[in-house]
Amino acid sequence: MYPSSSPIVPLLLYPPAMLLMLALTILAIVLSSLFFFKKSPTIINTSSVQPLPPSPPKFPIIGNLHQLGSSPHRFLRSLSECYGSLMLLHLGHLPVLVTSSPSIIREITQTQNHLFANRPSLKVPDTLFHHGHDIAFAPYGEYWREMKKATILHLLSNKKVGSYKYAREEELTFMMKEIERTMLVDITKMFHVLSRDVISRAVTGESTRNKLWGDDLSKLIDDSSRMMGEFYVGDYIPWLGKIVGVVTGFERRLRNTVERSDKFLEEIVKEHRRRMAKRKEEGDGDATHECFLDALLTLDQWELKCKGVVFDSESIKAVILDMFGAGTDPTSISMEWTMAELICHPAAMRKLKEEIIKVVGPNKACIKEEQLTDMSYLKAVVKEALRLHPPAAIILPRQLIQDTNIKGYRIPKGTMVLINAWATGRDPKIWDSPEEFRPERFINGEAIDINFSSHGYQLLAFGAGRRSCPGMKFSVTLIELAIANLVYVFDWKLAKGEIEDIDMSEVYGLNTRKREALMLIATKTFK
Ligand code: HEM
């Protein structure tokens, strides 16, 4: 996923945006005292016109923008307790449909998938990806289709993911040695480096460990996802965008990020072209070792042109930035939440360790990928962590391309759609004791038949439908392998404080991460 949650994002996290919202709120209150506090049409009951979905009251100009706050996923869930499973909000001029109900999500991502498969045009991704040259924010159409197809074929298919086995095991071994050396572990950082390096090997054929640009790549990922998480008022109130963008320094920061990102990616591509040429000279054209960049640089331009798709150097940069951005943070954040839940639940940690020892036997150096198949509790643990903590708490937004209706409500063309995956994962109508971490629910409980791609639309960490995440197999394989090895080889405890003190609160953003880094102490299980 790009990456992290949606760019309606951490409204009001950013101080200038906060001031602006305050000013707009005051302006709106003044206006509303002149024009009345306007309640949106809840249900217009005429026989010819279907009603719009229920809406909370809104202010003129800003609509409901001021209400989202720093945890929009939580706010929207509480709002839906009053307005139901299908609500229509207004963010500035933009109507926004919000839901977390599986039956409505089925309607959006399956039954009417073709109408809801577009992404809205938003300032930050438009600028960063040079107007939809990536996949995650590309408008629905031929370009998106061809790029997604190429990415699955050359990077993310089951066969390709299988071929990175050696890379995963090698990077993991390196991480385990590092843990053994230090014993006091910044798990957050370690998981970031592991995800980044495995993705780098699949995309560029090289680990950043052997390169000087590992830190630069981390900075690029960090900067671009922070920028994606920033709130740009012009997306919702266009006439205010330019002024506020300049006054708050947003335009400058965005320009700088794009310049740095372009320069960095151009360097990577240039160096890769040199290596490809050298390999060719040396007669090493073995396609089995082909990385994603090799494939992108040799895509059949003629075939793409015939389909009306322009694939140029902007596309290459945008697509690889998408892979680093969409892949690294959600994968490492998922590992971190999984580890944090296991630390908070020692009984689950013990049960998992017992399962692994039963499958692998004691005293082995590490776990091989083939052995994961027999670890059903491990799989349940990962699903349970992602149920409670989907990195994209609100899935990347979609936009409706023509008027339609859902459950008897009229939904106008252009409406933005937000699926609150975090709320679905904690819905008491779906899950028993939804706030509890209980992996057993996936083994012998109410969720025995639920998985990430099941058609009940209850477990939405990877989204659903045509725009769903193509990186699921890639990341779940890495998450399971990393967690299994860490739990098998080491015993873990908190570096400071007691389990009850651990801060499990989150910071909402493109990817909703744990507020505090997880610092742990490792000791070897088998001496
Ligand atoms: C635990 C890890 C991951 C999570 C939780 C995650 C989650 C998501 C989500 C929720 C979406 C939006 C789906 C929708 O709109 O229905 C998405 C889209 C996407 N993800 Fe992932 N993702 C992960 C890993 C990856 C990886 C490893 C890659 C690639 C290396 C990747 C590439 C993408 C791309 C390209 C899209 C855009 C798909 C489209 O718009 O058609 N993701 N991801």
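Each ligand, and each atom within it, is numbered from 1 in the order the structure gives.
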**Study point:** Whether over 12 other heavy atoms sit under 6.0 Å from Lys413 NZ
**Key:**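 Incorrect, the count does not exceed 12.
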Review point. Got more than 12 heavy atoms from elsewhere within 6.0 Å of NZ, Lys379?
Key: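 Correct, the count exceeds 12.
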Numbering the atoms of ligand 1 from 1, which are under 4.0 Å from a heavy atom of [X]?
| X | value |
| --- | --- |
| Gly327 | 25 (C), 26 (C), 27 (C), 28 (C) |
| Ser334 | 1 (C) |
| Pro391 | 5 (C) |
| Gly463 | 10 (C), 13 (C), 14 (C), 16 (O) |

Within-cut-off N or O pair, [X] and ligand 1, under 3.5 Å:
| X | result |
| --- | --- |
| Lys148 | yes |
| Thr331 | no |
| Ala464 | yes |

Look at [X] together with [Y] and state whether they make a salt bridge at an N to O cut-off of under 4.0 Å.
| X | Y | result |
| --- | --- | --- |
| Lys123 | Glu230 | no |
| Arg513 | Glu336 | no |
| Arg74 | Glu506 | yes |

Pick whichever of [options] has a heavy atom sitting closest to [atom].
| atom | options | value |
| --- | --- | --- |
| atom 35 (C) of ligand 1 | Met323, Met147, Arg466, Arg119 | Met323 |
| atom 12 (C) of ligand 1 | Val417, Val319, Ile395, Ile135 | Ile395 |
| atom 13 (C) of ligand 1 | Arg467, Met335, Arg398 | Arg467 |

Check your understanding: Of the backbone atoms (N, CA, C, O) and the side-chain heavy atoms from C-beta on, which set of Ser475 has a member under 4.0 Å from an atom of ligand 1: side chain, backbone, both, or neither?
Key ->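 The answer is the side chain.
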Point to revise | Geometric class of the Phe137/Phe129 ring pair [parallel <30°, tilted 30-60°, perpendicular >60°] | key: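 The arrangement is parallel - the two ring planes meet at less than 30°.
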Exercise for review: Could you establish whether Phe137 and ligand 1 come within less than 4.0 Å of each other, counting only heavy atoms on the residue side?
Suggested key: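 Contact absent.
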Check your understanding: Is Met472 in contact with ligand 1, taking contact as a heavy-atom separation below 4.0 Å?
Key ->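 False for this residue.
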Check your understanding: So how far is it from Ser225 OG to Phe324 CZ, rounded to the nearest 0.5 Å?
Key ->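 The CZ atom of Phe324 is 14.0 Å from OG of Ser225, to the nearest 0.5 Å.
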Review point. If you look only at pairs with a residue in residues 463-477, which of them pass as a side-chain hydrogen bond (donor to acceptor under 3.5 Å, both in side chains), with sequence neighbours excluded?
Key: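 For residues 463-477, and leaving out neighbouring residues, the side-chain hydrogen bond (donor to acceptor under 3.5 Å, both in side chains) pairs sorted by first residue read Tyr140-Arg466.
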Practice item. Indicate yes or no for a side-chain donor-acceptor contact from Ser78 to the backbone of Phe75 under 3.5 Å, with no hydrogens or angles considered. Key: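 Judged by distance alone, yes, a pair lies under 3.5 Å.
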